[in-house]
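Some notes on the structure that comes next.
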Amino acid sequence: MRRYSTGFSSRLALFGVFGLGLSACAYPEVFEASERRAVQEYWQKVGKIVVESAGPKGQEWVARQTAEGSQYLHAVLYFRGKDKLPPNQANSGAPSSVAAWQAWLDRKYAFDGERAEIEAARRDGRPAPPTTALDPGPAPADMVAALGEPPELVAATRPKRYALTFDDGYHVDFVDNVKVRPKYPYYRFTDGVIAYGTRLGEETPERLRATFAAAGVSDSLQKVMIRVSRLEGGFASVNTYDTGVVSVGFIQFAALQQGGGSLGRMLQCFKGSSPEEFHSSFRRYGIDVTDDGLVAAVDPSTAEEYIGAEACMLIVRDKRLTAVFQRAGEKCEAYRVAQVVAARNDFCPDQDRIQLNLGGKTVSVCFGDVVRSEAGLATLMDRKVNVGNLREVARTLQRLVDAYGITDLSGLPSVEYDLIRASSYREDFLVAADLSQPRQVAAPQSRAGTREMRKGSTPSKKASKK
């Protein structure tokens, strides 16, 4: 049976990737025909997933932000921006007119929200709620010229609940049309879901220690990872509604647009280290990973195989495949260990190398040469997990090096505190009592300058995604 790798479905137009010359590529089949039939037969035996209304009591229809509206809000938020910004921070490099765009969108969001509530009540046969929001009027002409006409930001929708029990008794329960915070810019798939599973804070200390020890992670790095995971999820967490497309695990390994990303690398890690457990937790249910790190999936209904972006879109649509990740996170210790190993390899910042100018000489240094405290590592790991890079941190470090006149490697640890203050992202780990802290040894007269650096580059959110 032929199928294709990264052929983007029309729904991925939300990512704005069309027109980039991408084409579908044929891959060798990951599953043999007999295996695809076995996957289909398993899901037929287990039975179809139960789907029912998930609206509040006495309601089926609710007002929810639209995926198209979220994409538009994202385009405005990052208009002419280069790097992903901290949560809720506008792009300071954008034209001043963007502030007027955002003010108009605030009014439209409120107006669309009230109209959606009225429509939801009408469809349910309920009394219409009172209205207070005014019609925002026409969209700013320069915004329309730059980004097109804005879509409906909030609409009436009918959330659905999906319930499934595996043959071993493990039960899952998902709800689509996720309620996101107002003006959330990363919402992409209305039929996507989120499930947290057991959070790390709810795990027994003994099981956590065993998992991290099996991954070869020190007690100190375990503390850092667990603190960052509070912003992400647990080993069984799964998210299929935002720009990560399919994001799973305690650090939210994401497939992203191409259908591989850190999720593909983590699955490769699991498959390579524990092939039997990988087969029993993923492959037998219709999920695998290619040699080059793309997710592969078998459609439980048709036995057709998909690779990359199309495989991930299948996982978004078919909650049976979504459930496979949650089940593995709760029941398979080898999968949990693989997550920790992959997180150490992909997201621990201490070995990341950057080029610094020290006294007129270009020197290659690791962030571990500068950041040695647990609070510092957590701050950088938070950024790397959520943004994907530490470019802004590197720029801030160079500014500090220049400001303090540091000319050799021995002086770098003296700026750790100021670097971490300036690089705080979703959480201020400098106030975390359970993490070791950097010493405040930098020149006190520079503190105001560091605060200005923080305002200009990294003032303090997940956004995500991711």
Side-chain angles (χ1 to χ4, degrees), residues 10-16 53-79 85 87-91 98-144 146-162 174-194 239-245 316-317 461-466:
S10 60
R11 299 171 65 222
L12 284 181
L14 291 170
F15 287 110
S53 173
K57 186 175 181 180
Q59 301 180 28
E60 289 195 5
W61 290 84
V62 296
R64 289 286 188 269
Q65 182 172 300
T66 66
E68 296 82 1
S70 179
Q71 176 71 10
Y72 197 91
L73 292 166
H74 181 278
V76 171
L77 184 62
Y78 298 113
F79 186 67
L85 303 172
N88 301 320
Q89 179 192 344
N91 174 19
V98 170
W101 300 357
Q102 291 172 331
W104 183 87
L105 287 166
D106 286 343
R107 296 192 297 272
K108 178 174 172 57
Y109 197 97
F111 183 70
D112 287 357
E114 285 194 352
R115 290 198 306 177
E117 294 282 5
I118 292 170
E119 176 62 14
R122 185 190 69 79
R123 296 197 178 202
D124 276 339
R126 296 180 280 111
T131 60
T132 58
L134 300 176
D135 189 325
D142 54 348
M143 183 178 76
V144 174
L147 302 173
E149 285 286 350
E152 196 172 26
L153 302 181
V154 186
T157 190
R158 190 169 178 255
K160 296 183 291 295
R161 184 181 306 280
Y162 304 82
F174 300 128
V175 175
D176 67 11
N177 284 279
V178 175
K179 185 177 182 179
V180 297
R181 62 177 171 80
K183 298 182 66 180
Y184 182 65
Y186 306 103
Y187 184 50
R188 294 296 178 269
F189 308 114
T190 57
D191 51 355
V193 300
I194 186 167
N239 169 4
T240 61
Y241 71 81
D242 68 13
T243 52
V245 189
V316 172
R317 292 192 302 270
K461 138 212 147 256
K462 159 179 183 127
S464 140
K465 259 148 194 31
K466 269 166 189 72

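Sequential numbering from 1 along the given sequence is applied to the chain's residues.
Every residue meeting the side-chain hydrogen bond (donor to acceptor under 3.5 Å, both in side chains) condition with E114, not counting sequence neighbours, appears here in chain and number order: T132. Contacts of Y241 classified as ring pair (Phe, Tyr, Trp, His ring centres under 6.0 Å), with partners at least two apart in sequence or in another chain: Y187. R107 is linked by a salt bridge (Lys or Arg N to Asp or Glu O under 4.0 Å) to nothing, counting only residues two or more places apart in sequence or in another chain. Considering only residues two or more places apart in sequence or on other chains, T157 meets the side-chain hydrogen bond (donor to acceptor under 3.5 Å, both in side chains) condition with N177. In terms of the salt bridge (Lys or Arg N to Asp or Glu O under 4.0 Å) criterion, residue partners of D176 (sequence neighbours excluded) are, by chain and number, K160. By the side-chain contact (heavy atoms from CB on, under 4.5 Å) test, P182 pairs with Y109, sequence neighbours left out. Evaluation of the side-chain contact (heavy atoms from CB on, under 4.5 Å) rule for A139 yields W104, M143, V144, E149, P150 as partners, not counting sequence neighbours. Applying the salt bridge (Lys or Arg N to Asp or Glu O under 4.0 Å) test to E152 and every residue at least two apart in sequence or in another chain returns nothing. By the side-chain contact (heavy atoms from CB on, under 4.5 Å) test, A121 pairs with R126, P129, sequence neighbours left out. Residues that satisfy the salt bridge (Lys or Arg N to Asp or Glu O under 4.0 Å) test with D142, not counting sequence neighbours, are absent from this structure. When the side-chain contact (heavy atoms from CB on, under 4.5 Å) test is applied to P56, the partners found at least two apart in sequence or on another chain are Q59, V62.
Put simply, the side chain of S70 gets close to the backbone of Y184: a donor and an acceptor are under 3.5 Å apart. At distances below 3.5 Å, not a single donor-acceptor pair connects side-chain atoms of Y72 with backbone N or O atoms of L153.
For the residue pair V175 and A54, the shortest heavy atom distance occurs at CG1-CB, 3.8 Å. The minimum heavy-atom distance between F189 and D242, with the atom names listed, is CE1-O, 3.7 Å. The heavy-atom pair separating A116 from A63 by the smallest distance is CB-CB, 3.6 Å. Of all non-hydrogen atoms in L73 and P185, the two that sit nearest each other are C-CB, 4.4 Å. Closest non-hydrogen pair, Q102 versus K183, comes out as O-NZ, 3.8 Å. For P151 against D112, the heavy-atom pair with the smallest separation is O-OD2, 4.4 Å.
Identified under the salt bridge (Lys or Arg N to Asp or Glu O under 4.0 Å) test for residues 55-67, with sequence neighbours left out: E60-R158.
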Inset, instruction - Run the numbers on T240 and F174 for side-chain contact (heavy atoms from CB on, under 4.5 Å), then give the verdict. - result: CA-CA 11 Å; T240 61; F174 300 128; over 6 Å; no

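Contact check for E119 versus R122: side-chain heavy atoms found under the 4.5 Å cut-off.
Between H74 and Y186, the ring planes lie perpendicular to each other; the angle is over 60°, past the 30° to 60° tilted range.
To the nearest 0.5 Å, atoms CD (Q71) and OG1 (T243) are separated by 9.5 Å. Rounded to the nearest 0.5 angstrom, R123 CZ and I118 CD1 are separated by 13.5 Å.
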